[in-house]
Amino acid sequence: MIVKERDFPVNLLFLQAIERRLEENHPSMPRLKELMAKQIKGYKGETAIDYPLSILPDQDYQILHSVSLQFQNQNFHIDTLLLTNNFIALLEVKNMGGTIHFDRKFNQLTQTYMGNVKYYQCPIIQVSNQERLLKQWLEQFNFPTIPLTSFVVISNPSCMIQVESWR
């Protein structure tokens, strides 16, 4: 059962407001459109997991989308939290195309798409930090201890994923 719906990205609303106010030939317009496309792609990636989550039995699972919390003046955002009586699962959703390679040695994600190579911080590090902060947040409010796990979800089904061994 969905307890909290996914929020439309506030950053995207902000960018759309700026776009309406700029002339089409403004020098910042290409960068603005690039940022908007990135926000839209991320949002679509997050909504892509809605159907698989909707199949879960309502009586066993509670789903919270777009959870923003703060622990000791540190804000953190969780794409989706899956709550059960036995565990909590934190889902960090990435909508990436092409081939992605998780490099454990350098904690980096490499994306190759249409001949272009981009490098990102490894989302496993990101979700691990979110998990640590969520554990601390739960402890702060004296929630009972429950197993907590986290996953990076690649929502694009045509993405090829490569992962190095854990040695």
- Item | Residue pairs passing the side-chain hydrogen bond (donor to acceptor under 3.5 Å, both in side chains) test where at least one lies in residues 31-46, sequence neighbours excluded | E19-K33, R31-E34
- Message: Membership question, hydrophobic clusters at under 4.5 Å side-chain separation (ILVMFWY): are I125 and F102 in the same one?
- Response: no
- Hey, what do you get for CD (Q136) to CD (Q74), rounding to the nearest 0.5 Å? 8.5 Å
- Please say which of L90, L64, V127 ends up in a side chain to side chain contact (heavy atoms under 4.5 Å, CB included) with I78. L90
- Message: Evaluate L133 against Q72 for side chain to side chain contact (heavy atoms under 4.5 Å, CB included), listing each step before the verdict.
- Response: CA-CA 9 Å; L133 288 167; Q72 294 181 345; over 6 Å; no
- Query: Is K4 atom NZ crowded by more than 12 heavy atoms from other residues, nucleotides or ligands, each under 6.0 Å away?
  - Reply: yes
- To the nearest 0.5 Å, what is the distance between OG1 (T47) and CG (D79)? 11.5 Å
- For the residue pair V10 and F14, establish whether any side-chain heavy-atom pair is separated by less than 4.5 Å. no
- Taking it one step at a time, do Q130 and S150 satisfy side chain to side chain contact (heavy atoms under 4.5 Å, CB included)? CA-CA 9 Å; Q130 292 169 341; S150 55; over 6 Å; no
- Message: If you compare all heavy atoms of S155 against all heavy atoms of A48, which two are closest, and at what distance to 0.1 Å?
- Response: CB-CB, 4.0 Å
- Item | Backbone N/O of K105 and side chain of D103: donor-acceptor pair under 3.5 Å | yes
- Do K118 and Y113 touch side chain to side chain, with heavy atoms closer than 4.5 Å? no
- Query: Is there a path of hydrophobic side-chain contacts, each under 4.5 Å between heavy atoms of I, L, V, M, F, W or Y residues, that connects V117 with I100?
  - Reply: no
- Is the count of non-hydrogen atoms from other residues, nucleotides or ligands lying under 6.0 Å from M160 atom CE greater than 12? no
What side-chain donor-acceptor pairs closer than 3.5 Å can you find for residues 49-63, not counting sequence neighbours?
| from | atom 1 | to | atom 2 | distance (Å) |
| --- | --- | --- | --- | --- |
| D50 | OD1 | R6 | NH2 | 2.3 |
| S54 | OG | Y51 | O | 2.6 |
| D58 | OD1 | M1 | N | 3.1 |

- So, Y120 and Q108: side-chain donor and acceptor under 3.5 Å apart, yes or no? no
- Does a donor on one side chain and an acceptor on the other come within less than 3.5 Å for S158 and N156? yes
- Is L83 reachable from F143 through a run of I, L, V, M, F, W or Y residues, each pair having side-chain heavy atoms under 4.5 Å apart? yes
- Task: Any chance you could measure H101, atom NE2, to I161, atom CD1, to the nearest 0.5 Å?
- Result: 12.5 Å
- Closest non-hydrogen contact found for T84 with I146 is O-CD1, 3.7 Å
- Checking side chain to side chain contact (heavy atoms under 4.5 Å, CB included) for the pair L82/I88: CA distance, chi angles, key distance, verdict? CA-CA 6 Å; L82 185 61; I88 297 173; over 6 Å; no
- Message: Counting only heavy atoms not in F8 (residues, nucleotides, ligands), do more than 12 fall under 6.0 Å from its CZ?
- Response: yes
- Note on the structure: Output for pair (F76 CZ, Q70 CD), nearest 0.5 Å, gives 9.5 Å
- Nearest 0.5 Å, what's the CD-OG distance between E92 and S128? 11.0 Å
- Message: Please give me the minimum heavy-atom distance between A89 and F151, naming the atom from each residue.
- Response: CB-CE1, 4.1 Å
- Is there side-chain contact between N129 and R132, with heavy atoms separated by less than 4.5 Å? yes
- Query: Transitively linked via ILVMFWY side-chain contacts under 4.5 Å: V67 with L138?
  - Reply: yes
- Query: Closest approach of V93 and G45, non-hydrogen atoms and distance?
  - Reply: CG1-O, 3.4 Å
- Note on the structure: Heavy atoms of L12 and M36 approach each other most closely as CD1-O, 3.9 Å
- Message: Applying side chain to side chain contact (heavy atoms under 4.5 Å, CB included) to Q162 and T99, what does each step give before you reach the verdict?
- Response: CA-CA 7 Å; Q162 300 174 339; T99 300; 3.7 Å; yes
- Note, N75 side chain near L69 side chain (heavy atom, < 4.5 Å): no
- Query: With a 4.5 Å heavy-atom cut-off, do V152 and L91 have their side chains touching?
  - Reply: no
- Any donor-acceptor N or O pair under 3.5 Å, side chains Q121, Q126: no
- Message: Do L109 and M114 sit in one hydrophobic cluster, given that two such residues count as connected whenever their side-chain heavy atoms are within less than 4.5 Å of each other, even indirectly?
- Response: no
